[in-house]
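Please read the structure below before turning to the comments.
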Amino acid sequence: QVQLVESGGGLVQAGDSLRLSCAASGRTFSSSTRGWFRQAPGKEREFVAAISWSGGRTYYTDSMKGRVTISRDNAKNTVYLQMNSLKPDDTAVYYCAAGPAYSSRWPLSRSYEYNYWGQGTQVTVSS
């Protein structure tokens with residue numbers, strides 16, 4: 001059974017940092033683009049960041065560029081999202097995702113381009 005499990009969310013104050021992790025099990029995703037999305041209450045799920053299978057390419061949404069860094073450790077089958085200078089508008093459930101193996105498409109920034117999803121981790125930023 002394939003599972004993606006996010007962790008690292010929580011309640012923080014504006015200006016704080018958080019590091020989210022997403023561990024995969026059931027199969028390896030070392031050949032897949034990995035991504036992070038988020039969904040705030042009453043809003044649609046939106047793209048945050050993506051990283052290529054090798055980690056050599058990254059892509060970010062403009063609203064968080066400069067404040068987030070996506071990285072991966074293929075040996076651990078895990079992807080990370082470092083978030084700095086958090087704002088109340090960053091409050092959302094954050095989801096990790098894995099795309100198809102050996103895909104030549106880049107970047108993958110649409111939900112439908114990803115095959116596997118985690119259950120999400122809540123990030124709440126207070127002002």
Side-chain angles (χ1 to χ4, degrees):
Q1 180 182 0
V2 177
Q3 279 191 313
L4 300 181
V5 180
E6 302 94 338
S7 61
L11 172 63
V12 298
Q13 294 187 330
D16 285 351
S17 298
L18 274 178
R19 188 193 194 207
L20 306 183
S21 299
C22 175
S25 61
R27 58 158 286 179
T28 179
F29 290 103
S30 59
S31 301
S32 301
T33 293
R34 302 289 297 274
W36 285 95
F37 289 73
R38 67 183 182 180
Q39 187 166 17
K43 296 186 177 181
E44 294 191 354
R45 190 172 298 188
E46 64 174 355
F47 170 78
V48 175
I51 187 167
S52 62
W53 68 270
S54 67
R57 292 183 292 182
T58 57
Y59 182 70
Y60 300 99
T61 183
D62 286 343
S63 65
M64 297 195 79
K65 195 175 296 182
R67 297 191 295 121
V68 297
T69 302
I70 188 171
S71 60
R72 66 190 295 164
D73 184 339
N74 284 340
K76 296 182 178 180
N77 218 9
T78 298
V79 64
Y80 306 95
L81 186 70
Q82 177 68 42
M83 303 188 293
N84 302 321
S85 302
L86 285 163
K87 306 175 183 179
D89 285 349
D90 296 322
T91 294
V93 177
Y94 284 71
Y95 299 90
C96 71
Y102 306 111
S103 173
S104 61
R105 298 185 64 182
W106 176 263
L108 302 184
S109 60
R110 308 295 178 92
S111 298
Y112 64 80
E113 295 176 311
Y114 289 85
N115 304 101
Y116 299 96
W117 291 85
Q119 292 300 306
T121 185
Q122 176 70 46
V123 173
T124 303
V125 185
S126 64
S127 57

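Excluded from the calculations below are hydrogen atoms, water molecules and symmetry mates; all remaining heavy atoms, backbone and side chain alike, are included. The structure displayed is predicted, hence computed values, not measured ones.
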Q | Donor-acceptor pair, side chain of S126 and main chain of V12, under 3.5 angstrom | A | yes
**Q.** Close side-chain approach of S32 to R27, heavy-atom, < 4.5 Å
**A.** yes
Q) Is any side-chain heavy atom of L20 closer than 4.5 Å to a side-chain heavy atom of M83? A) yes
Q) Do E6 side-chain atoms and C96 backbone N/O form a donor-acceptor pair below 3.5 Å? A) yes
**Q.** E113: salt bridge (Lys or Arg N to Asp or Glu O under 4.0 Å) partners, not counting sequence neighbours
**A.** R105
**Q.** Single-linkage hydrophobic cluster, 4.5 Å side-chain cutoff, W36 and V125 together
**A.** yes
**Q.** Which residues share a salt bridge (Lys or Arg N to Asp or Glu O under 4.0 Å) with R110, sequence neighbours left out
**A.** none
Q: Could you state whether V48 and L18 fall into the same hydrophobic cluster, counting links through intermediate Ile, Leu, Val, Met, Phe, Trp or Tyr residues with side-chain heavy atoms under 4.5 angstrom apart?
A: yes
Q) What heavy-atom pair brings S127 and P88 nearest, and what distance separates the two atoms? A) CB-CG, 3.8 Å
Q) Given N84 and S17, is the side chain to side chain donor-acceptor pair (under 3.5 Å) satisfied, shown in steps? A) CA-CA 4 Å; N84 302 321; S17 298; 3.0 Å; yes
(Q) Using a 6.0 Å cut-off, check whether atom CD of Q122 has over 12 heavy atoms from anything other than its own residue. (A) yes
Q.
Could you check whether any side-chain heavy atom of F47 comes within less than 4.5 Å of a side-chain heavy atom of P107, counting everything from C-beta outward?
A. no
Q | Set of side chain to side chain contact (heavy atoms under 4.5 Å, CB included) partners for T58, sequence neighbours left out | A | I51, Y60, I70
Q: For a side chain to side chain contact (heavy atoms under 4.5 Å, CB included) with L11, tell me which candidate from D16, T124, T91 qualifies.
A: T124
Q) Roughly how far, to the nearest 0.5 Å, is OG1 of T78 from CG of D73? A) 6.5 Å
**Q.** Contact check, side chains of R34 and F29, non-hydrogen atoms, under 4.5 Å
**A.** yes
(Q) List the residues meeting salt bridge (Lys or Arg N to Asp or Glu O under 4.0 Å) with R67, not counting sequence neighbours, and say none if there are none. (A) D90
Q: For residues S30 and W53, determine if any side-chain heavy atom of one lies less than 4.5 Å from a side-chain heavy atom of the other.
A: no
Q: Dump the intermediate steps for side-chain contact (heavy atoms from CB on, under 4.5 Å) on T121 and V93, then the final yes or no.
A: CA-CA 5 Å; T121 185; V93 177; 6.0 Å; no
Q. Hey, what do you get for OG (S109) to OH (Y59), rounding to the nearest 0.5 Å?
A. 5.0 Å
Q) Does R57 offer a backbone N or O that forms a donor-acceptor pair with the side chain of S52 under 3.5 Å? A) yes
Q) What are the two closest heavy atoms between Y114 and G99, and how far apart are they? A) CD2-N, 3.5 Å
(Q) Once side-chain hydrogen bond (donor to acceptor under 3.5 Å, both in side chains) is applied, do any residues pair with K65, and if so which ones, sequence neighbours excluded? (A) D62
**Q.** Closest non-hydrogen atom pair, P100 against L108
**A.** CD-CD1, 4.3 Å
Q | V68 side chain reached by Q82 side chain, heavy atoms, under 4.5 Å | A | no
**Q.** Where at least one partner belongs to residues 79-111, residue pairs that pass ring-ring contact (aromatic ring centres under 6.0 Å, His included), sequence neighbours excluded
**A.** none
Q: Can you measure from OG1 (T28) to CG (N74) and round to the nearest 0.5 angstrom?
A: 6.5 Å
Q) How close do C22 and L4 get, heavy atom to heavy atom, and via which atoms? A) SG-CB, 3.9 Å
Q) Would a distance-only check, ignoring hydrogens and angles, find a side-chain to backbone donor-acceptor pair under 3.5 Å from Y116 to A24? A) no
Q) Taking all atoms of both residues into account, what is the closest heavy-atom pair of A92 and R38, and its distance? A) CB-CB, 3.9 Å
